[in-house]
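For reference, the structure is listed below as structure tokens.
Sequence lines set the chain letters: A, B, ... in the order given, protein chains first and strands last, and positions in each chain run from 1.
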Protein chains: 2
Amino acid sequence: MKKHKDLIAVLKSNEMRITPARRLLLQFILDNSSKQLSLKDVHDFMEENMPGVDRSSIYRNLEAFKKLDIIQELMLPKLGKRFQYVFDRKVHHFFICKACGKLNKGNKALFEKVESALKDVHGFSKANLSVVFYGYCSSCGKKTAQKEATRSAHGALSEAQQSMR
Amino acid sequence: MKKHKDLIAVLKSNEMRITPARRLLLQFILDNSSKQLSLKDVHDFMEENMPGVDRSSIYRNLEAFKKLDIIQELMLPKLGKRFQYVFDRKVHHFFICKACGKLNKGNKALFEKVESALKDVHGFSKANLSVVFYGYCSSCGKKTAQKEATRSAHGALSEAQQSMR
DNA sequence: ACTGCTGTTGCATCATGGTGCAATAAGTGT
DNA sequence: ACACTTATTGCACCATGATGCAACAGCAGT
């Protein structure tokens, strides 16, 4: 796990200036490295600890950090943009339910399979890569399956929408 | 490939009413089944062929079609929401470049590996599933690799950002 | 063809993503 | 400590995503 001062060094080596807001922002990101943060999450924190920093400044700093691969960006259905610290592992898996929009990290069995598939393909093993699955989570899948049964009775789209077990 | 009237039947079987706007919207989606359409793309078309239909109506109809798996939604970095007709295959793969935001369907070797990995995991083979990879496309990867060389000289983040070959 | 029920639309409005520009302040050299 | 250069900020503003609500229009039954 990289430390605050390592990240400061990264900024410096890219001709970026170290402003108070950036220091605090980096710390917040490090302290929440396992979470997917929205712009609002970050802005609320900043407003509390360093009032007056503009939404757009935070936004642009996050964009800058993204370019340096300090954080990565995800676009999530229903949730919109999310930022997350990129820690030591280079491949990230996410599972997003199409119905409820919930972000999930489960389905370990699948992810392990995919991970090894990624390794098998030349050049990918060290790539900084994110994989996002869209499907139906177990609870939404059940509901959908029921609805689906009704639909099949009408003879339409009978092959669609299967739950993930 | 499903036809317009099949889709009308799907709407009916879900207690949805067939309005003129919906007919035209479905036709437009079918005619552009291979494209990723933005709300604006669709709205521009509607404005030309059936002026007066509100942005929000189109938006809500697309949401409704999504629920019926007639189309699927993608959230693309830099581009935002995109809608696409869901044709016969049930698993979709997309590769999105983190740098330029370009949507790609290449990297067939990887996709085939992943596809078989999906099949190996029980319950996934028939799931209506989308997989999105975020990484660097070949042209952006090259640029990044160069930039990376400079950064390494400063001793920071030397392991990050690898091109996809 | 008329009528009533209720799904759908258009409008108003808010939340969030994104950008141009002039004022400000971080970093460098003296 | 001071001054200069230019990255960065705050502000104003626009684009797009999303929703509540009253008016409207499919469509099923008569």
Intermediate values then yes/no, side chain to side chain donor-acceptor pair (under 3.5 Å), B:S38 and B:D41:
CA-CA 5 Å; B:S38 68; B:D41 293 334; 3.1 Å; yes
Between D:dC11, D:dT16, D:dT9, which nucleotide gets closest to the side-chain atoms of A:D54?
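My answer, after comparing the listed nucleotides, is D:dC11.
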Any idea which of C:dT16, C:dC5, D:dT9 is nearest the A:A21 side chain?
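Given the options C:dT16, C:dC5, D:dT9, the side chain of A:A21 is closest to D:dT9.
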Treating B:D54 as the side-chain partner and B:S56 as the backbone partner, does any N or O pair qualify as donor plus acceptor under 3.5 Å?
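Yes.
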Taking C-beta and beyond as the side chain, do [X] and [Y] meet within less than 4.5 Å on heavy atoms?
| X | Y | result |
| --- | --- | --- |
| B:I18 | B:R23 | yes |
| A:Q84 | A:E73 | no |
| B:L24 | B:V53 | no |

I'd like to know if B:R22 reaches the base of D:dG26 with its side chain, counting only an N/O donor and acceptor under 3.5 Å.
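By the distance-only test, no, there is no pair.
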Side-chain-base donor-acceptor pair under 3.5 Å for A:R60 and C:dG20:
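Counting by modelled atom types and ignoring angles, a donor-acceptor contact under 3.5 Å is found here.
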Between [atom2] on [N] and [atom1] on [X], what's the gap in Å once rounded to a whole number?
| X | N | atom1 | atom2 | value |
| --- | --- | --- | --- | --- |
| A:K81 | D:dA15 | NZ | C1' | 14 Å |
| A:R55 | D:dT9 | CZ | P | 15 Å |
| B:F83 | D:dA18 | CZ | C1' | 11 Å |
| A:I58 | D:dT9 | CD1 | P | 10 Å |
| B:M50 | D:dA25 | CE | C1' | 14 Å |
| A:L39 | C:dT19 | CG | P | 13 Å |
| B:N14 | D:dC27 | CG | C1' | 17 Å |
| A:Y59 | D:dT8 | OH | P | 16 Å |

Between A:I18 and B:G80, which residue's closest nucleotide on DNA chain C lies nearer the 5′ terminus?
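Final value for this comparison: B:G80.
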Does A:T19 place a side-chain N or O at less than 4.0 Å from the phosphate oxygens OP1/OP2 of D:dT9?
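Yes, within the criterion.
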Within the 4.0 Å heavy-atom criterion, would you say B:S56 contacts the bases, only the backbone, or no part of the nucleic acid?
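Counting heavy atoms under 4.0 Å across all strands, the contact made by B:S56 includes a base.
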